[in-house]
S.K.: 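First the structure, then my questions, so here it is.
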Amino acid sequence: MSYLTLASRLLLMAVFVLSSVGKLRDLGSFARSLVSLKLAPARLAGHMAASVVAAEAAVVSLLALAPRLGLASAAALLLAFTVVIVRAMSRGQRASCNCFGKQGANLGGRQVVRNVLLMGAALLGAVGEAFSSGSLKFEGIVIVAVAVAALTTIVYFWDDLVDLLVPIR
């Protein structure tokens with residue numbers, strides 16, 4: 001395994017753990033966001049919300065146990081989320097991003113950018129896996145862990161950071 005693969009796997013695992021736990025804390029709110037996006041009728045929204053959480057948990061497990069499949073699954077799930085966001089944007093739908101279980105900014109380009117960057121992390125992890133050689137050193141693992149903690153924080157607070165850094169039009 002390479003440091004790049006380790007970083008990618010840890011980042012994606014952390015993001016999907018935060019996402020699934022956040023959604024579980026208020027599954028009803030997440031289910032209502034699926035209804036507002038016209039992704040599920042109200043009677044099925046709870047089941048669909050639980051399925052999304054289960055898919056995120058499955059990705060975390062795959063990243064831990066089967067890195068290549070986990071990276072591909074993470075990229076696929078992020079792509080699905082991105083398609084939903086782009087579809088909502090193209091229809092002019094206004095829905096809050098409940099990406100991490102908390103009410104966030106309305107779905108839009110900022111979440112697309114975040115997801116594309118995370119898909120890039122999955123791709124880089126796969127490249128790192130393909131070209132890995134040798135073993136990892138403890139010091140390198142610690143550096144990767146610290147860097148991933150910082151990156152995870154940026155991803156988690158992405159909407160807030162965009163609000164701070166991008167001028168309001």
S.K.: Taking 4.0 angstrom as the limit, do E129 and R9 come out as a salt bridge?
M.R.: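 R9 and E129: not salt-bridged.
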S.K.: Who else is in L62's hydrophobic cluster (ILVMFWY, side-chain heavy atoms under 4.5 Å, direct or via others)?
M.R.: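 Members alongside L62: L69.
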S.K.: Check which hydrophobic residues are tied to L4 through side-chain heavy-atom contacts below 4.5 Å, counting indirect links as well, and list them.
M.R.: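 Same cluster as L4: L124.
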S.K.: Please give me the minimum heavy-atom distance between G70 and L63, naming the atom from each residue.
M.R.: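 In this case the closest contact between G70 and L63 is C-CD2, 3.4 Å.
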S.K.: Without swapping roles, check the side chain of S29 against the backbone of D26 for a donor-acceptor pair under 3.5 Å.
M.R.: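 It does not hold such a pair.
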S.K.: Nearest 0.5 Å, what's the CE-OG1 distance between M13 and T152?
M.R.: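 If I round to the nearest 0.5 Å, the distance is 11.0 Å.
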S.K.: Cluster question for you: counting only ILVMFWY and a side-chain heavy-atom cut-off of under 4.5 Å, with indirect links fine, are V35 and F81 together?
M.R.: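 No, it is not one cluster - the side chains of V35 and F81 are not joined through contacts under 4.5 Å.
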S.K.: Could you measure the distance from the NE2 atom of H47 to the CG atom of L27? Nearest 0.5 Å is fine.
M.R.: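 Reported value, rounded in 0.5 Å steps: 10.5 Å.
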S.K.: May I ask you to check if K23 and F16 form a cation-pi contact, with NZ or CZ under 6.0 angstrom from the six-membered ring centre and within 45° of the axis?
M.R.: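 Relative to the ring axis of F16, which defines the angle, K23 lies outside at least one limit.
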S.K.: Against E56, only a single residue in S20, S51, S73 fulfils side chain to side chain contact (heavy atoms under 4.5 Å, CB included); can you say which?
M.R.: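 It is S20; the other options fail the test.
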S.K.: If hydrophobic clusters are built from ILVMFWY residues whose side chains come within less than 4.5 Å, do V116 and V84 share one?
M.R.: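 The answer is yes; both residues are in one hydrophobic cluster.
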S.K.: For A31 versus A45, what's the shortest heavy-atom pair and its separation?
M.R.: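 What the structure gives for the nearest pair is O-CB, 3.5 Å.
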S.K.: Could you check whether any side-chain heavy atom of L118 comes within less than 4.5 Å of a side-chain heavy atom of L11, counting everything from C-beta outward?
M.R.: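 The answer is yes; the side chains approach within 4.5 Å.
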S.K.: Among V155, L78, L77, V17, exactly one meets side chain to side chain contact (heavy atoms under 4.5 Å, CB included) together with L12. Which residue is that?
M.R.: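 So the option named by the test is L78.
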S.K.: Distance check, rounded to the nearest 0.5 Å: D160 atom CG versus L164 atom CG?
M.R.: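 Interatomic distance, D160 CG to L164 CG, rounded to 0.5 Å: 7.0 Å.
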S.K.: If two hydrophobic side chains count as joined below 4.5 Å and joins carry through other members, does I143 share a cluster with V148?
M.R.: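 Cluster IDs for I143 and V148 differ.
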S.K.: So, does W158 use its side chain to make a donor-acceptor pair with the main chain of Q111 at under 3.5 Å?
M.R.: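 Judged by distance alone, no pair lies under 3.5 Å.
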S.K.: Side-chain heavy atoms nearer than 4.5 Å, only ILVMFWY residues, links allowed to pass through others: does that put L44 and V52 together?
M.R.: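 In one cluster with L44: V52, no.
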S.K.: Can S8 and T5 be counted as having a side-chain donor-acceptor contact under 3.5 angstrom?
M.R.: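 Their side chains do not contain a donor-acceptor pair, so the 3.5 Å distance test is not met.
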S.K.: Hydrophobic clusters here meaning ILVMFWY residues chained together by side-chain heavy-atom distances under 4.5 Å, can you tell me if V86 and M119 are in one?
M.R.: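 Hydrophobic grouping puts V86 with M119.
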S.K.: How about V162 and R114: do any of their side-chain heavy atoms sit closer than 4.5 Å?
M.R.: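 V162 does not reach R114 side chain to side chain.
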S.K.: Taking all atoms of both residues into account, what is the closest heavy-atom pair of I85 and G108, and its distance?
M.R.: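 Result for this residue pair: CG2-O, 3.6 Å.
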S.K.: With sequence neighbours excluded, give me every salt bridge (Lys or Arg N to Asp or Glu O under 4.0 Å) pair touching residues 133-157.
M.R.: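 Qualifying pairs: none.
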S.K.: Quick check: does any side chain N or O of S33 sit under 3.5 Å from a backbone N or O of F30, one acting as donor and the other as acceptor?
M.R.: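 It does hold such a pair.
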S.K.: Short question: side chain of R87, backbone of V83 - any donor-acceptor pair under 3.5 Å?
M.R.: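 Answer holds: no.
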S.K.: Could you walk me through whether L107 and L37 pass the side-chain contact (heavy atoms from CB on, under 4.5 Å) test, one step at a time?
M.R.: CA-CA 10 Å; L107 288 174; L37 289 169; 3.7 Å; yes
